[in-house]
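All remarks here apply to the structure that follows.
Here is how names work: the chains are called A, B, and so on, in the same order as the sequence lines, proteins then strands, and each is numbered from 1. Keep in mind the model is a prediction, meaning the values are calculated, not measured.
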Number of protein chains: 4
Amino acid sequence: MEFKNSKSIALQIADNLSERILNGAIEIESKIPSVRELAAEMGVNPNTIMRSYAELQSRNIISNQRGIGYFVNEDADKTIREWRKSEFFELQLPQFAHQMQLLDISFDELEKHISKYLSKHNNEN
Amino acid sequence: MEFKNSKSIALQIADNLSERILNGAIEIESKIPSVRELAAEMGVNPNTIMRSYAELQSRNIISNQRGIGYFVNEDADKTIREWRKSEFFELQLPQFAHQMQLLDISFDELEKHISKYLSKHNNEN
Amino acid sequence: MEFKNSKSIALQIADNLSERILNGAIEIESKIPSVRELAAEMGVNPNTIMRSYAELQSRNIISNQRGIGYFVNEDADKTIREWRKSEFFELQLPQFAHQMQLLDISFDELEKHISKYLSKHNNEN
Amino acid sequence: MEFKNSKSIALQIADNLSERILNGAIEIESKIPSVRELAAEMGVNPNTIMRSYAELQSRNIISNQRGIGYFVNEDADKTIREWRKSEFFELQLPQFAHQMQLLDISFDELEKHISKYLSKHNNEN
DNA sequence: GTGGTCTAGACCACC
DNA sequence: GTGGTCTAGACCACA
């Protein structure tokens with residue numbers, strides 16, 4: 001796996017796992033790879049994976065069973081969606097709307113650009 | 001002035017100055033405060049202001065006249081708007097559209113939230 | 001059975017068995033389930049049950065008859081009570097009193113909370 | 001500083017700092033020692049102190065100012081007291097009351113033991 | 001100077 | 001085997 005420089009590796013891995021849970025690549029209630037295993041797979045130090053897992057655990061997405069490993073929680077997909085939605089509406093949207101106002105961009109103009117982006121992106125898949 | 005922890009203070013100050021130029025609080029072609037002056041006013045290390053001014057200068061928003069100080073360029077407001085527009089359409093909008101798609105947010109929902117934000121923000125001014 | 005993460009599973013099971021002996025769910029001098037049986041019932045590794053039984057045996061609460069199984073000792077209930085009382089007065093109570101002092105909690109406030117707990121817990125049975 | 005084995009060193013240091021804030025040894029809104037400084041003072045690795053500070057920051061007891069250091073929050077003492085009280089009443093007290101019930105200890109008996117403990121402890125100071 | 005993150009390697013309790 | 005914690009040492013961005 002390759003990493004960007006803008007966010008910590010641990011958080012990028014946590015995001016990546018969330019994504020995999022959302023699209024079903026990792027199943028609800030299944031065991032996820034052990035710390036050491038995933039560390040080896042991703043070419044990263046086990047401590048880094050520990051921090052990823054700690055982050056996910058603090059968000060109630062995974063849980064630990066002593067001496068056995070980490071498991072995906074029952075409502076993990078719901079939890080992830082709620083968490084992302086609240087981040088979107090409370091953090092990203094206000095900044096975005098502020099920019100629109102400053103730059104004098106109308107909602108119609110925005111809609112046009114977004115649908116252009118979406119159609120382009122869907123054709124690639 | 002209070003600072004967030006997600007962005008460097010120098011860049012936050014540069015943004016703040018840009019905004020003040022856009023809304024006319026700082027006039028075109030006027031002299032802006034000296035590094036030391038602004039540093040004192042903002043309770044920040046002069047080195048930090050230096051980096052803010054360097055950032056603005058590299059974007060052709062202000063210019064330095066040796067021994068006199070920094071001045072706002074003639075087309076500063078236009079430059080700022082162009083710079084922000086390109087950032088908006090090339091960086092922020094794609095991320096935003098991607099999030100919308102992932103979270104399955106409709107245009108109607110988006111418009112509702114944005115207009116709510118705008119009306120709230122306009123009442124405050 | 002569900003387990004907390006703060007204490008080892010083996011000790012939690014030992015506590016659970018003690019509790020069941022105290023309230024009569026497991027009778028004095030009766031045979032308790034075999035290691036494998038209890039392990040299956042609790043969804044736990046047999047090694048873990050082994051450690052629970054070893055703990056109880058070291059406290060003279062159960063005894064092993066080779067090839068037959070583990071049996072509850074004659075004075076098990078008395079032994080458990082004594083063990084818990086000494087733990088209570090020598091370990092838990094001092095910490096508890098120390099906390100009360102630190103947090104400036106009065107006896108009246110304490111009594112109120114304890115009786116609330118007791119009445120709630122009695123209604124459930 | 002010497003450490004017990006029952007709790008992680010990082011958490012023991014966080015508790016220690018909380019205590020020092022409560023009793024005024026560390027003042028509200030003051031800067032606390034830098035990570036490296038405290039690490040040297042306590043004979044511990046800087047990473048360990050980092051975890052202590054992260055814990056305190058997540059509890060809104062201290063805050064970070066970029067490139068300068070950590071500072072004690074305005075209401076830190078209040079926050080610490082509230083946090084400890086909620087832990088006391090929600091975690092420790094129920095376990096304690098449960099033990100009292102099992103061991104058939106009356107509130108009068110409890111009060112007697114606690115006041116004995118307190119008087120003994122106060123004479124020592 | 002400050003914190004933040006990461007690696008490498010160790011040791012522990014627990015299952 | 002599992003996670004949890006700690007050390008030692010490095011590098012980075014930021015003030």
Side-chain angles (χ1 to χ4, degrees), chain A residues 3-13 31-40 42-55 57 62-71, chain B residues 3-13 35 39 42-52 55, chain C residues 3-13 39 42-52 55, chain D residues 3 5-13 31-40 42-55 57 62-71:
Chain A
F3 302 103
K4 299 176 189 173
N5 222 339
S6 53
K7 222 175 176 179
S8 83
I9 294 181
L11 285 186
Q12 289 180 60
I13 291 175
K31 182 177 177 300
I32 59 176
S34 79
V35 170
R36 290 166 172 82
E37 211 175 329
L38 190 57
M42 297 227 164
V44 140
N45 189 285
N47 278 322
T48 304
I49 302 292
M50 273 290 310
R51 260 175 286 135
S52 305
Y53 284 8
E55 172 74 14
Q57 193 171 28
I62 61 176
S63 299
N64 178 287
Q65 283 181 237
R66 294 182 64 131
I68 305 185
Y70 282 92
F71 292 79
Chain B
F3 302 103
K4 298 177 189 175
N5 226 334
S6 51
K7 219 175 177 179
S8 89
I9 292 181
L11 285 184
Q12 289 180 61
I13 290 174
V35 168
M42 298 223 164
V44 143
N45 192 296
N47 283 321
T48 305
I49 303 294
M50 278 291 299
R51 254 175 294 133
S52 305
E55 171 74 13
Chain C
F3 302 103
K4 298 176 187 173
N5 228 334
S6 52
K7 219 176 176 180
S8 89
I9 292 182
L11 286 184
Q12 289 181 60
I13 291 175
M42 297 221 163
V44 144
N45 192 296
N47 283 321
T48 304
I49 303 293
M50 278 292 299
R51 254 175 293 131
S52 305
E55 170 74 13
Chain D
F3 302 103
N5 221 337
S6 54
K7 225 175 175 178
S8 84
I9 293 181
L11 285 185
Q12 289 179 60
I13 291 174
K31 181 176 176 303
I32 59 176
S34 78
V35 169
R36 290 167 171 83
E37 209 175 330
L38 190 58
M42 298 228 164
V44 139
N45 189 286
N47 278 321
T48 304
I49 302 293
M50 273 290 310
R51 260 174 286 133
S52 305
Y53 283 9
E55 172 75 14
Q57 193 172 25
I62 62 177
S63 298
N64 178 286
Q65 283 181 239
R66 292 182 66 129
I68 305 183
Y70 282 92
F71 292 79

Spell out, as yes or no, whether a donor-acceptor pair under 3.5 Å connects the side chain of D:R36 to the backbone of D:P46. no
To the nearest angstrom, how far is C:Q12 atom CD from E:dC14 atom C1'? 12 Å
Which residue lies toward the 5' end of DNA chain F, A:Y70 or B:V44, if each is placed at its nearest nucleotide? A:Y70
Does A:R66 put a side-chain nitrogen or oxygen below 4.0 Å from OP1 or OP2 of F:dG3? no
In whole Å, I'd like the distance from the CZ atom of A:F71 to the C1' atom of E:dC15. 12 Å
Would you say E:dT7 has OP1 or OP2 under 4.0 Å from some side-chain N or O of A:T48? yes
Between C1' on E:dC15 and CG on C:N5, what's the gap in Å once rounded to a whole number? 12 Å
On DNA chain E, more 5' by nearest nucleotide between D:N64 and A:G43 is D:N64
Where the side chain of B:S8 is defined as all heavy atoms beyond and including C-beta, which of F:dC14, F:dG3, E:dT5 is the nearest nucleotide? F:dC14
Tell me whether D:Q65 contacts the main-chain N or O of D:F71 through its side chain, where contact means a donor paired with an acceptor under 3.5 Å. no
Distance-only, no hydrogens or angles: does the A:E55 side chain make a donor-acceptor pair with backbone N or O of A:L11 under 3.5 Å? no
Rounded to the nearest 0.5 Å, the NZ atom of B:K7 sits from the CD1 atom of B:I13 at a distance of 12.0 Å
To the nearest Å, give me how far apart NZ (B:K7) and P (F:dA13) are. 17 Å
OP1, OP2 of F:dA15 versus side-chain N and O of B:R51: anything below 4.0 Å? yes
Identify the two heavy atoms, one from A:Y53 and one from A:L38, that lie closest to each other, and give their separation to 0.1 Å. OH-CD2, 3.3 Å
Dot-bracket summary - DNA chain F, pairs being Watson-Crick or G-U whose distances fall under 3.5 Å, with | when paired to another strand: ||||||||||||||.
What is the distance, rounded to the nearest whole Å, between atom CG of A:L38 and atom P of E:dT7? 12 Å
Pair of N/O donor and acceptor under 3.5 Å linking F:dG3 base with A:R36 side chain: yes
Position toward the 5' end of DNA chain E (nearest nucleotide), D:M50 or C:A10: D:M50
Atom-to-atom span, CD1 of A:I32 to C1' of F:dG3 - whole angstrom: 12 Å
Atom CD1 of D:I9 and atom P of F:dA8: how far apart are they, to the nearest Å? 11 Å
Separation between CG (B:N45) and CE (B:M50), nearest 0.5 Å, reads 11.0 Å
Which atom of D:R66 lies closest to which atom of B:K4, heavy atoms considered: CD-O, 4.4 Å
Where do C:S52 and C:A10 come nearest, in terms of heavy atoms and distance? OG-O, 2.8 Å
Scan C:N47 against the nucleic acid and name what it touches under 4.0 Å (heavy atoms): base, sugar-phosphate only, or nothing. nothing
So which nucleotide from E:dG4, F:dT2, E:dT2 ends up closest to the side chain of A:E37? F:dT2
Nearest-angstrom distance from the residue atom CZ of D:F3 to P of F:dT7: 8 Å
Considering only side-chain heavy atoms of D:N45, which listed nucleotide, F:dA15, F:dG4, F:dT7, is closest? F:dT7
May I ask you to say what D:Y53 touches in the nucleic acid, namely base, sugar-phosphate or nothing, with a heavy-atom cut-off under 4.0 Å? nothing
